[in-house]
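What follows is one structure encoded as structure tokens, with my remarks underneath.
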Amino acid sequence: MLFRSLGNLNKALTEEAHNLATALRRDTKAQGNWGETILRNILDKCGLQKGVHYSFQQSFTELNGDGDPAQRRQTDVIVNLPGGRHLIIDSKVSLNAYNDCVNAENEKDRIDAIKRHLMSLRNHCSDLAGRNYHALSGLQSPDFVVMFVPIEPAFLLALENDEAIWHDSYAKGVLL
């Protein structure tokens, strides 16, 4: 009886893990939420306290050249630094192409998936650079934003296959 119950529990856990993986691959919002959760967990495990050392999901209104409200911006994390300065961290998940690479059945499919993965990361960098977080009113931030990639093997795959990605991103004001 105990073994049957454990078997049912194992089956249920396996099914739930599969459902989560499927949801993450299909839903970019779920991917983003997952990446933000990983980032928050890392900050907490480093001893930083939400509301004291960092804030999460803070909204700002960007002003146009005339000083009128232009666009709403929402940061993932703002870390409070000494001297009233701030470090902005944005989590970006590029899961689909990376997953295709890992599960590729042949070298051609793997290479195609790597190219899509690199394009995804580069697009995230360009998008993030265009948000101009460092210029938000009320923040004293360096002229760059940190892009957090929560899947370390995916990050390393990008660095291994595109020697310029780190430098190109930094030149745009995004620190990988």
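What you are looking at is a predicted structure, and each value in this text was computed from that prediction instead of being measured. The first residue in the sequence is number 1, and the count goes up from there.
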Open item on the list: Can you tell me how far apart NZ (Lys92) and CD (Glu36) are? Round to the nearest 0.5 Å.
Closed with: 8.5 Å

Task: Derivation of the side chain to side chain contact (heavy atoms under 4.5 Å, CB included) call for Cys125 and Leu176 - done: CA-CA 9 Å; Cys125 286; Leu176 295 175; 3.7 Å; yes

- [ ] To the nearest 0.5 Å, tell me how far Asp76 CG sits from Phe148 CZ.
- [x] 10.5 Å

Task: Short side-chain donor-acceptor distance under 3.5 Å, Asn99 and Asn103 - done: yes

TODO: Please check if the side chain of Asp109 supplies one atom and the backbone of Glu105 the other of a donor-acceptor pair under 3.5 Å.
DONE: no

Open item on the list: Could you check whether Asp100 pairs with Arg110 (Lys NZ or Arg NE/NH1/NH2 to Asp/Glu carboxylate O, under 4.0 Å)?
Closed with: no

Open item on the list: Working to the nearest 0.5 angstrom, can you tell me the gap between Leu43 CG and Lys50 NZ?
Closed with: 11.0 Å

TODO: Would you please say whether a donor-acceptor pair under 3.5 Å links the side chains of Lys172 and Ser126?
DONE: yes

Task: Residues Asp90, Thr75; criterion side chain to side chain contact (heavy atoms under 4.5 Å, CB included); working and verdict - done: CA-CA 7 Å; Asp90 196 277; Thr75 59; 6.0 Å; no

TODO: Could you tell me which non-hydrogen atom of Ala97 sits nearest to which non-hydrogen atom of His117, and how far apart they are?
DONE: CB-N, 3.3 Å

Task: Test side chain to side chain contact (heavy atoms under 4.5 Å, CB included) applied to Leu95 and Trp34, step by step - done: CA-CA 11 Å; Leu95 184 62; Trp34 176 80; 5.9 Å; no

Task: Short N-O contact, Lys108 and Asp112, less than 4.0 angstrom - done: yes

Open item on the list: Quick check: closest heavy atoms across Ile89 and Leu39, and the distance to 0.1 Å?
Closed with: CG2-CD2, 3.6 Å

Open item on the list: Testing Val77, Val79, Asn80 one by one against His86 for a side chain to side chain contact (heavy atoms under 4.5 Å, CB included), which residue passes?
Closed with: Asn80

Task: Closest heavy-atom pair and its distance - Leu175, Trp166 - done: CD1-CZ2, 3.4 Å

Open item on the list: So which atom in Ile151 and which in Tyr98 form the shortest heavy-atom distance, rounded to 0.1 Å?
Closed with: CG2-CE2, 4.1 Å

Open item on the list: Taking the side chain as everything from C-beta on, heavy atoms only, tell me whether Met147 gets closer than 4.5 Å to Leu121.
Closed with: yes

Task: Donor-acceptor under 3.5 Å (Ser169 side chain, Ile165 main chain) - done: yes

Task: Over all atoms of both residues, closest heavy-atom pair of Leu157 and Cys101 - done: CD2-SG, 3.9 Å

Task: Connected via hydrophobic side-chain network under 4.5 Å: Val102 and Leu156 - done: yes

- [ ] Compute whether any side-chain donor of one residue and acceptor of the other, for Asp44 and Tyr54, lie under 3.5 angstrom apart.
- [x] yes

Task: Leu128 CG to Arg131 CZ distance, which is reported to the nearest 0.5 Å - done: 6.0 Å

TODO: Any chance you could lay out the side chain to side chain contact (heavy atoms under 4.5 Å, CB included) test for Tyr133 and Ile78, step after step, and finish with the verdict?
DONE: CA-CA 10 Å; Tyr133 282 151; Ile78 299 174; over 6 Å; no

Open item on the list: Return the CZ to OG distance between Arg85 and Ser141, rounded to the nearest 0.5 Å.
Closed with: 7.0 Å

Task: Nearest heavy atoms of Pro142 and Leu87, plus distance in Å - done: CG-CD1, 4.4 Å

- [ ] Quick one: pull up CG in Leu118 and CG in Leu159 and give me the separation to the nearest 0.5 Å.
- [x] 9.5 Å

Task: Path from Leu81 to Val146 over hydrophobic side-chain contacts below 4.5 Å - done: yes

Task: Validation row: Phe56, Arg40 side chains within 4.5 angstrom (heavy atoms) - done: yes

Open item on the list: Take a 6.0 Å sphere around CD of Glu163 and say whether it holds more than 12 heavy atoms from other residues, nucleotides or ligands.
Closed with: no

